[in-house]
Amino acid sequence: RDPLYLDRLAHHIDGVLANRDDARGVTDYRGVSGACWQNTSYQPANQPYCYVVHTGMLTWPMAEYARFVRDDGLAAEEHPDGETYGAKAARFTTAVEQSVAYHDDQWNAAGYYIFRSDASFMTYAGQDMPLNQSNALGRTLFVLYDLTSTQAYLDKATALATRFRAQCTTGGDGALLWNYWGGAYAGNGEDISHAALNVGFAVMAAEAGVGFTAGDLDALATTFVERIYVDDATFSDFVGGGSTNNPSYLAQTGRWLVLTPERT
């Protein structure tokens, strides 16, 4: 409850918003300067493209800031830059809504986002995204609904949660298992880093009472305890087990702590 953390968060959010495409005056591969943050490193010829997953990762903390301010009654608190928390919360919420709207034309009502169809330089142009990429923005949608009561946000988040749950398989040990791209479970499933995005989204879905239940969260806890955790120094790299202690994944186990209330 120390406002210092909100001060720092707001400072970072302002910096991130200052680097949004429309704030910098830069355009994507279509010549559009949108409410997003372009990436050039994943494309074959460095074409500027804005990913749904990145928008989700960047906007979720912005929306959470606004919710913290509202829930703790801190609107009148003043940031060191002179702007009140309430003014920042309102400004951040508007910015988040703009960024979410930027991807509206990529939405499929079946419960997922697609890669832009005209991005012909991408292998997956026009196809549905991996589960974690859509669900990253789903976390923002849940918070936006809480902040604005706009039904469209909840409808999309519900569709995402319903589809994700339908892509999961329950193992013989009760663990919930899925693939990076969804579909029939195979191999060892999604890596634990990308999977953490899906787990965080599932927790929010269960809290909202859509798509996932308390029983499903217990099953996700089983995934961690029975499939990922080997011993205090060894963790599997994938939700279903397999290789262990990949340095790119090992530190990501902490992101599964969101399940702690389900299994202490």
Side-chain angles (χ1 to χ4, degrees), residues 8-67 69 79 81-109 111-145 147-148 150-153 155-157 159-160 194 197 201:
R8 290 177 176 174
L9 179 56
H11 175 75
H12 287 303
I13 291 172
D14 276 326
V16 172
L17 288 175
N19 281 280
R20 206 167 69 172
D21 280 18
D22 52 359
R24 292 197 297 137
V26 297
T27 61
D28 65 10
Y29 69 97
R30 302 169 299 167
V32 175
S33 184
C36 64
W37 295 263
Q38 64 179 246
N39 170 281
T40 59
S41 63
Y42 295 157
Q43 292 66 258
N46 299 324
Q47 296 93 337
Y49 182 89
C50 291
Y51 285 87
V52 166
V53 62
H54 296 158
T55 296
M57 295 288 282
L58 291 168
T59 58
W60 178 47
M62 299 178 186
E64 287 283 29
Y65 174 94
R67 183 155 65 173
V69 169
H79 189 274
D81 66 9
E83 186 177 23
T84 65
Y85 284 12
K88 285 188 180 295
R91 183 162 55 81
F92 294 163
T93 300
T94 295
V96 171
E97 290 193 281
Q98 292 169 344
S99 292
V100 168
Y102 171 84
H103 297 289
D104 279 349
D105 61 332
Q106 295 174 259
W107 172 249
N108 186 302
Y112 55 87
Y113 285 91
I114 65 168
F115 293 106
R116 292 193 180 279
S117 300
D118 61 358
S120 58
F121 50 86
M122 299 181 69
T123 303
Y124 304 108
Q127 295 185 31
D128 55 303
M129 297 176 181
L131 294 168
N132 75 85
Q133 294 197 23
S134 285
N135 293 339
L137 192 56
R139 296 184 305 181
T140 300
L141 292 170
F142 273 128
V143 183
L144 274 182
Y145 173 68
L147 289 170
T148 69
T150 300
Q151 186 63 37
Y153 296 140
D155 290 345
K156 287 181 178 178
L160 286 165
H194 290 100
L197 287 171
F201 173 70

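Quick note: numbers below take in every heavy atom, side chains included, and nothing from hydrogens, waters or symmetry partners.
In this structure a side-chain-to-backbone donor-acceptor pair under 3.5 Å is present from Q38 to T27. Side-chain N or O atoms of T140 include one that pairs as donor or acceptor with a backbone N or O of W60 at under 3.5 Å. For the pair Q127 (side chain) and A125 (backbone), a donor-acceptor distance under 3.5 Å is absent. A donor-acceptor pair under 3.5 Å links the side-chain atoms of T148 to the main chain of T150, judged by distance alone. For N108 (side chain) and Y112 (main-chain N/O), no donor-acceptor pair under 3.5 Å exists by modelled atom type. The main-chain N or O of G138 is never found under 3.5 Å from a side-chain atom of N135 such that the two would form a donor-acceptor pair. Proximity of a side-chain donor or acceptor of Q106 to a complementary backbone N or O of I114 within less than 3.5 Å is detected. The main-chain N or O of Y42 is found under 3.5 Å from a side-chain atom of N39 such that the two form a donor-acceptor pair. Remark: side-chain polar atoms of T40 are not paired, donor with acceptor, to backbone N or O of P48 under 3.5 angstrom.
For the pair A63 and V96, the tightest heavy-atom approach, listed with the atom from each and the gap, is N-CG2, 4.0 Å. Among all heavy-atom pairs drawn from D128 and F115, the shortest one is O-CE1, 4.2 Å. Heavy atoms only, all atoms of each residue included: S134 and M129 are closest at OG-CB, 3.9 Å. The minimum heavy-atom distance linking Y49 with A119 is given by the pair CE1-CB, 3.9 Å. Minimum heavy-atom separation, A18 to A23: O-CB, 3.6 Å. In plain terms, the two heavy atoms of A10 and K88 that are nearest each other are CB-CD, 3.7 Å.
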Run the side-chain hydrogen bond (donor to acceptor under 3.5 Å, both in side chains) check on H79 and T84 step by step: do they pass? CA-CA 6 Å; H79 189 274; T84 65; over 6 Å; no
Output, in order, the C-alpha distance, side-chain angles, deciding distance and verdict of side-chain hydrogen bond (donor to acceptor under 3.5 Å, both in side chains) for Y29 and D118. CA-CA 10 Å; Y29 69 97; D118 61 358; 2.4 Å; yes
So V53 and N132, side-chain contact (heavy atoms from CB on, under 4.5 Å) or not? Walk me through it. CA-CA 8 Å; V53 62; N132 75 85; 4.3 Å; yes
May I have the step-by-step check of side-chain hydrogen bond (donor to acceptor under 3.5 Å, both in side chains) for T59 and R139, ending in yes or no? CA-CA 9 Å; T59 58; R139 296 184 305 181; over 6 Å; no
Report the C-alpha separation of Y85 and Y65 in whole Å, then their side-chain angles, then the decisive distance to 0.1 Å, and conclude whether the side-chain contact (heavy atoms from CB on, under 4.5 Å) test is met. CA-CA 9 Å; Y85 284 12; Y65 174 94; 3.5 Å; yes
Begin from the C-alpha positions of F201 and F142 and carry the test side-chain contact (heavy atoms from CB on, under 4.5 Å) through to its verdict. CA-CA 9 Å; F201 173 70; F142 273 128; 3.4 Å; yes
Under the criterion side-chain contact (heavy atoms from CB on, under 4.5 Å), I'd like the reasoning laid out for V52 against Q133: C-alpha separation, chi angles, the key distance, then a yes or no. CA-CA 6 Å; V52 166; Q133 294 197 23; 5.7 Å; no
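Between R20 and Q98 there is a side-chain heavy-atom pair separated by less than 4.5 Å. Considering only heavy atoms from C-beta on, T93 comes within 4.5 Å of L144 through its side chain. The shortest distance between side-chain heavy atoms of R24 and N19 falls below 4.5 Å.
The only member of D22, T55, D28 that meets side chain to side chain donor-acceptor pair (under 3.5 Å) when paired with Y102 is D28.
Note on R91 versus E83: salt bridge recorded, some NZ/NE/NH1/NH2 to OD/OE distance being below 4.0 Å. With respect to the salt-bridge test (charged N to carboxylate O, under 4.0 angstrom), the residues D104 and K156 qualify.
Taken from CD1 in I13 to CG in L58, the straight-line distance is 10.5 Å, to the nearest 0.5 Å. Atom CG of residue L147 and atom CD of residue E97 lie 8.5 Å apart, to the nearest 0.5 angstrom. Rounded to the nearest 0.5 angstrom, S117 OG and M122 CE are separated by 11.0 Å. Summarising the geometry, atom CH2 belonging to W107 is positioned 9.0 Å from atom CG belonging to D155; distances are rounded to the nearest 0.5 Å. We find the CG-OG distance between L17 and S99 to be 7.5 Å, quoted to the nearest 0.5 Å.
The environment of CE in M57 is sparse: at most 12 heavy-atom neighbours from other residues, nucleotides or ligands sit within 6.0 Å.
For the pair R116 and F121, the cation-pi criterion (under 6.0 Å, within 45° of the ring axis) is not fulfilled.
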